[in-house]
Structure formats: C-alpha cells, structure tokens
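To keep things clear, I will list the structure first and then write my remarks on it.
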Amino acid sequence: MKKAIFPGSFDPITLGHVDIINRALPLFSEIIIAVGVNTDKTYLFSLEDRINFIKKHYANEPKIKVETYSGLTIDFCKKLNIHFILRGLRNPADFEFEKAIAQTNRKLSTVETVFLLTSADTSFISSSIVRDVLKNGGDISCLVPESVSKKL
C-alpha cells in the first residue's frame, strides 16, 4: 500500500487543494490530509472548522483520512510509517520553495516528495487569497469547495 501525506494549514481548503488531492487519488491507496498546527501562526478558521471542511468534502471518499500534527512533517511521516509527501505546485516560486523543503526532507529521512502541477483553472487560488477576499466581503464560492462556502 502506498500512502501519502498532504500537509498544510488548509485555512481554508481551496479548490486548488481539491484539484491536487483528486488527481493524486489514483496514485495512492490512502491520502492523509495532515492539517498542521503551528502555535506561532494566526488562523482565520479554527482547527475544528478546517478539519470539518475537509471531512465534509471527502465524506464519500474512503481513501482520504484527516489528521492533525505539529512539528516536522517528516517526523509525522515516520510516526505513521509513510514514505510520500504530496505537494502541489502553482508557479516557479512554489517550485523553488518546495524544492528546498523536499531536498531537506530527503536529506533528513527517506521520505520522498511527489509534486503535482496545479490545473490551469485553479493555479491562481491560494488560501491567503481566499482569506483576503473573505475579509473584504467578497464571494469565495468559486474558490473553495461547497463545504466551506456553505458554512459562510
């Protein structure tokens, strides 16, 4: 069984995240969406909300699990005996940032990072853009799954 972790803060989960997860489903027997907890970061949505958004969206997908973690992603991988980290790439800046993390993770462990390029129709979406649109009273329904937009 090939399992992967898809780590992130998911504040909130976006259609860009959904695109990567859905396209990775045929590649792995299980994908654990790992919602990171960072006490130094201020979130717009509570941890419970972020988890519920994901669980509601993937309620009918048995290959998806949702977990929370803090600390290094590779330590979480080791704890669960998982050898793959799934990441999405939107642009060259993402690639440079993610490449450095992936190379560090590979130096510190045997965990491999699998990159998928985002689809053209979701490549502009980020959680920070969604939060900004939301804070300014905009409609985010075309940027997030229904599990998020219905709550708001």
Side-chain angles (χ1 to χ4, degrees), residues 3-25 28 30-59 61 64-80 82 84-109 111 113-152:
K3 297 180 182 183
I5 286 179
F6 186 48
S9 60
F10 303 100
D11 187 32
I13 189 169
T14 70
L15 293 179
H17 294 125
V18 169
D19 170 58
I20 295 298
I21 294 164
N22 290 350
R23 290 178 32 236
L25 280 169
F28 298 100
E30 182 177 277
I31 297 174
I32 297 171
I33 301 174
V35 182
V37 177
N38 182 343
T39 56
D40 295 333
K41 192 171 180 181
T42 303
Y43 298 103
L44 181 60
F45 295 97
S46 70
L47 179 61
E48 182 181 347
D49 281 343
R50 292 182 282 143
I51 291 167
N52 286 335
F53 293 151
I54 298 165
K55 285 184 174 180
K56 283 180 184 172
H57 185 75
Y58 285 106
E61 179 49 69
I64 297 290
K65 306 288 185 247
V66 182
E67 301 277 345
T68 62
Y69 79 104
S70 59
L72 294 176
T73 303
I74 57 168
D75 289 342
F76 188 60
C77 289
K78 289 175 189 175
K79 176 182 169 187
L80 299 179
I82 293 179
F84 299 97
I85 295 173
L86 175 64
R87 298 299 293 160
L89 299 174
R90 293 172 296 188
N91 54 49
D94 276 358
F95 173 74
E96 290 301 324
F97 177 74
E98 294 290 346
K99 179 180 81 167
I101 294 171
Q103 289 173 329
T104 302
N105 287 343
R106 188 70 179 106
K107 186 75 170 173
L108 299 174
S109 71
V111 176
T113 303
V114 176
F115 296 109
L116 292 181
L117 299 177
T118 57
S119 297
D121 58 339
T122 62
S123 64
F124 66 94
I125 302 172
S126 69
S127 292
S128 57
I129 287 174
V130 169
R131 289 191 305 271
D132 192 45
V133 170
L134 189 60
K135 286 178 187 176
N136 289 287
D139 179 10
I140 61 165
S141 61
C142 64
L143 305 173
V144 296
E146 196 173 288
S147 61
V148 177
S149 60
K150 265 190 159 179
K151 165 104 172 151
L152 306 173

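Counting begins at 1 with the first residue of the sequence.
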[X] and [Y]: which non-hydrogen atoms are nearest, and at how many Å?
| X | Y | result |
| --- | --- | --- |
| Pro7 | Arg87 | O-NH1, 2.5 Å |
| Val111 | Ile82 | CG2-O, 3.9 Å |
| Lys78 | Leu108 | NZ-O, 3.7 Å |
| Leu86 | Ala24 | CD2-CB, 3.5 Å |
| Ser9 | Lys41 | OG-NZ, 3.3 Å |
| Pro145 | Val18 | CG-CG2, 4.0 Å |

Please confirm whether the backbone N or O of [Y] pairs with a side-chain atom of [X], one donor and one acceptor, at under 3.5 Å?
| X | Y | result |
| --- | --- | --- |
| Ser126 | Ile129 | yes |
| Arg131 | Tyr43 | no |
| Asn136 | Asp132 | yes |
| Arg50 | Phe45 | yes |
| His17 | Thr14 | yes |
| Ser70 | Asn38 | no |

Subject >> Test log, rule side-chain contact (heavy atoms from CB on, under 4.5 Å), inputs Thr113 and Phe115 >> reply: CA-CA 6 Å; Thr113 303; Phe115 296 109; 3.6 Å; yes
In Å, rounded to the nearest 0.5 Å, how long is the span from [atom1] of [X] to [atom2] of [Y]?
| X | Y | atom1 | atom2 | answer |
| --- | --- | --- | --- | --- |
| Ser109 | Ile85 | OG | CD1 | 6.5 Å |
| Ser128 | Asp11 | OG | CG | 10.0 Å |
| Ile54 | Ile33 | CD1 | CD1 | 5.0 Å |
| Phe76 | Ile74 | CZ | CD1 | 13.5 Å |
| Leu47 | Asn52 | CG | CG | 9.5 Å |
| Lys150 | His57 | NZ | NE2 | 13.0 Å |

**OP:** Would you check, one step at a time, whether the test side-chain contact (heavy atoms from CB on, under 4.5 Å) holds for Phe124 with Leu143?
**Re:** CA-CA 9 Å; Phe124 66 94; Leu143 305 173; 3.7 Å; yes
Original post:
Is Glu61 atom CD crowded by more than 12 heavy atoms from other residues, nucleotides or ligands, each under 6.0 Å away?
Top reply: yes
Subject >> Within 6.0 angstrom of Lys56 NZ, more than 12 heavy atoms from elsewhere >> reply: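 At most 12 heavy atoms, drawn from other residues, nucleotides or ligands, come within 6.0 Å of this atom.
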**OP:** Let me see the working for Tyr58 and Asn22 under side-chain contact (heavy atoms from CB on, under 4.5 Å), right down to the final yes or no.
**Re:** CA-CA 10 Å; Tyr58 285 106; Asn22 290 350; 2.8 Å; yes
**OP:** Let me see the working for Ile20 and Thr118 under side-chain contact (heavy atoms from CB on, under 4.5 Å), right down to the final yes or no.
**Re:** CA-CA 6 Å; Ile20 295 298; Thr118 57; 3.9 Å; yes
Original post:
Under 6.0 Å between the ring centres of Phe10 and Phe53?
Top reply: no
Original post:
Any salt bridge between Lys79 and Asp75, counting N to O under 4.0 Å?
Top reply: no
**OP:** Please name the residue in the list Ile64, Val66, Ile5 that meets the side chain to side chain contact (heavy atoms under 4.5 Å, CB included) test with Ile32.
**Re:**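 Of all the options given, the one that passes is Ile5.
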**OP:** Please examine the side chains of Pro12 and Lys151, heavy atoms only from C-beta on, and report whether any two atoms are closer than 4.5 Å.
**Re:** no
